[in-house]
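These values consider heavy atoms only, across backbone and side chains, with no hydrogens, waters or symmetry-generated copies. All residue numbers in this chain count up from 1 along the given sequence. Keep in mind it's a predicted model, so treat the numbers as computed, not measured.
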Amino acid sequence: KTDKTLIYKMYFWSIIPMGELRYSTRTGVSDIVFSFEALTNKSFVEKFITAQARVESYFSKKDLLPYKYVERTEVKGKVKQKEVLYDRINLLSVQGDKKIKIYGDTYDPVGAFVHMLTLPLEPNKEHNIPFLSGHDMYVFKAKLLNKEHGIDEVSIDMRRQNLTSSH
């Protein structure tokens, strides 16, 4: 419910700086924006290549589902950007001139991860969250395996909806 930014420093072998991962939330009047950003600034990697990637998921406060997803990458000054809009009325995902049928509760990759963090996990109960990545539908499965001393052991599996391959 409040704006927040968490910054994680990434290291290789716990000594070589590899960059930062920033996770942010911004709340507006009618929406909430979740974003992840990876940067190579102030890192060992920056001596060879500068890169940054940012993904944002725009959630409606009304139904708590994403209505827009934006990806932006920049490597050596070359920028690529993608925007996906979710039409909940017609159950379509629209990316430029491409349209893909979706379920009413379909998420984007960031939205699926954020939604998983809010689920009330119970032992051996599996949660299935459909999400769209690229032009493929996936199912994000989360299941609480064990809970000891306030620590949750969770199984997370992502599969393409129409294939059995696991990621």
Side-chain angles (χ1 to χ4, degrees), residues 4-12 18-26 31-40 45 51-61 63-75 79-88 90-148 150-167:
K4 204 168 268 200
T5 298
L6 301 173
I7 300 173
Y8 296 93
K9 303 286 186 180
M10 298 180 295
Y11 293 90
F12 185 67
M18 298 300 285
E20 295 179 351
L21 176 66
R22 294 176 187 220
Y23 170 61
S24 302
T25 59
R26 292 189 319 267
D31 65 3
I32 305 166
V33 180
F34 299 97
S35 66
F36 289 93
E37 184 174 22
L39 307 164
T40 59
V45 176
Q52 62 179 343
R54 181 180 190 89
V55 290
E56 294 182 322
S57 181
Y58 294 75
F59 267 62
S60 164
K61 281 187 176 178
D63 59 11
L64 294 177
L65 288 168
Y67 64 88
K68 181 168 79 169
Y69 173 76
V70 178
E71 277 184 16
R72 183 184 186 280
T73 58
E74 183 177 342
V75 179
V79 176
K80 289 183 184 178
Q81 189 157 327
K82 168 172 96 169
E83 182 176 283
V84 180
L85 301 174
Y86 292 88
D87 178 347
R88 300 288 174 189
N90 297 309
L91 296 179
L92 290 173
S93 160
V94 181
Q95 182 181 341
D97 60 350
K98 294 183 181 176
K99 296 179 181 177
I100 298 172
K101 279 296 238 185
I102 60 171
Y103 302 111
D105 61 346
T106 298
Y107 289 83
D108 56 62
V110 172
F113 178 74
V114 170
H115 180 66
M116 190 274 303
L117 293 174
T118 66
L119 293 173
L121 297 175
E122 299 169 14
N124 299 316
K125 180 181 177 188
E126 188 173 85
H127 293 274
N128 296 315
I129 305 164
F131 73 95
L132 185 71
S133 181
H135 302 296
D136 292 316
M137 287 293 295
Y138 287 82
V139 177
F140 188 87
K141 296 180 180 191
K143 181 175 164 183
L144 180 64
L145 299 175
N146 191 17
K147 187 171 191 152
E148 277 187 32
I151 298 173
D152 294 349
E153 180 183 353
V154 179
S155 166
I156 297 173
D157 186 39
M158 290 181 279
R159 294 180 187 263
R160 235 186 255 171
Q161 185 179 25
N162 57 353
L163 297 175
T164 57
S165 66
S166 183
H167 303 285

*Asks:* For D136 and Y138, work out which heavy atoms get closest and say how close.
*Replies:*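 So the minimum-distance heavy-atom pair works out to O-CD1, 3.5 Å.
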*Asks:* Quick one: do E126 and K143 make a salt bridge, cutoff under 4.0 Å?
*Replies:*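 Not counted as a salt bridge, because no side-chain N and carboxylate O are separated by less than 4.0 Å.
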*Asks:* Between the side chain of D108 and the main-chain N/O of V110, is any donor-acceptor distance below 3.5 Å?
*Replies:*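 Present.
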*Asks:* Look up atom OH in Y107 and atom OH in Y86, then write down how far apart they are to the nearest 0.5 Å.
*Replies:*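 Nearest 0.5 Å value for the OH-OH distance: 11.5 Å.
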*Asks:* In Å and rounded to the nearest 0.5 Å, what is the CD to CG distance from E153 to L121?
*Replies:*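 Here the interatomic distance stands at 12.5 Å.
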*Asks:* Are side-chain heavy atoms of K147 and P123 found at a separation under 4.5 Å?
*Replies:*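 In short, these two side chains do not touch, never coming nearer than 4.5 Å.
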*Asks:* Just wondering, more than 12 heavy atoms not from K99 lying within 6.0 Å of its NZ?
*Replies:*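 No - once you tally the heavy atoms of other residues, nucleotides and ligands closer than 6.0 Å, there are 12 at most.
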*Asks:* Heavy atoms only: give me the nearest I100-G134 pair and the separation to one decimal.
*Replies:*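 Scanning both residues, the minimum pair turns out to be CD1-O, 4.3 Å.
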*Asks:* For Y67 versus S60, what's the shortest heavy-atom pair and its separation?
*Replies:*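 Scanning both residues, the minimum pair turns out to be CD2-N, 3.7 Å.
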*Asks:* So which atom in L65 and which in G104 form the shortest heavy-atom distance, rounded to 0.1 Å?
*Replies:*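 Shortest heavy-atom contact: CD1-O, 3.4 Å.
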*Asks:* For the CG atom of L21 and the CD1 atom of I7, what is their distance to the nearest 0.5 Å?
*Replies:*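 Taking CG in L21 and CD1 in I7, the distance rounds to 10.0 Å.
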*Asks:* Nearest heavy-atom pair of L132 and H135: which atoms, and what distance?
*Replies:*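 Heavy atoms of L132 and H135 come nearest at CD1-C, 4.3 Å.
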*Asks:* Which heavy-atom pair separates S93 from V84 by the least distance, and what is that distance?
*Replies:*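 S93 and V84 have their closest heavy atoms at OG-CG1, 3.2 Å.
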*Asks:* Please list, chain by chain and in numerical order, all residues satisfying side-chain hydrogen bond (donor to acceptor under 3.5 Å, both in side chains) with D97, sequence neighbours excluded.
*Replies:*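 Not a single residue meets the side-chain hydrogen bond (donor to acceptor under 3.5 Å, both in side chains) criterion with D97.
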*Asks:* Taking only residues two or more places apart in sequence or in another chain, which ones pass side chain to side chain contact (heavy atoms under 4.5 Å, CB included) with Q52?
*Replies:*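 Q52: side chain to side chain contact (heavy atoms under 4.5 Å, CB included) contacts with E37, L39, R72, E74.
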*Asks:* Once ring-ring contact (aromatic ring centres under 6.0 Å, His included) is applied, do any residues pair with Y23, and if so which ones, sequence neighbours excluded?
*Replies:*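 With neighbours one apart ignored, the set is F36.
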*Asks:* Within the 4.5 Å heavy-atom criterion, are L144 and K125 side-chain neighbours or not?
*Replies:*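 No, every pair of side-chain atoms sits at 4.5 Å or beyond.
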*Asks:* Does Q95 reach the side chain of K82, with side-chain heavy atoms less than 4.5 Å apart?
*Replies:*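 The answer is yes; the side chains approach within 4.5 Å.
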*Asks:* Could you check whether atom CZ of F140 has more than 12 heavy atoms from other residues, nucleotides or ligands sitting under 6.0 Å from it?
*Replies:*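 Yes, enclosed.
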*Asks:* Taking N90 for its side chain and L92 for its backbone only, find out whether a donor-acceptor pair lies under 3.5 Å.
*Replies:*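 Absent.
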*Asks:* To the nearest 0.5 Å, how far apart are CD1 in I129 and CE in M116?
*Replies:*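 The CD1 atom of I129 sits 7.0 Å away from the CE atom of M116.
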*Asks:* Can a donor-acceptor pair be found, under 3.5 Å and without considering hydrogens, that links the side chain of R88 to the backbone of P66?
*Replies:*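 Checking the backbone N and O of P66 against the side chain of R88, a donor-acceptor pair under 3.5 Å is found.
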*Asks:* Take L64 and T118 through the side chain to side chain contact (heavy atoms under 4.5 Å, CB included) test and state the conclusion after the steps.
*Replies:* CA-CA 11 Å; L64 294 177; T118 66; over 6 Å; no
*Asks:* Got a sec: does the NZ of K61 have more than 12 other heavy atoms crowding it under 6.0 Å?
*Replies:*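 It does: K61 NZ has more than 12 such atoms within range.
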*Asks:* Looking at OG1 of T25 and CD1 of I32, how far apart are the two atoms once the value is rounded to the nearest 0.5 Å?
*Replies:*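 If I round to the nearest 0.5 Å, the distance is 8.5 Å.
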*Asks:* CD of Q81 to CD of E71: how many Å apart, nearest 0.5 Å?
*Replies:*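 Nearest 0.5 Å value for the CD-CD distance: 9.5 Å.
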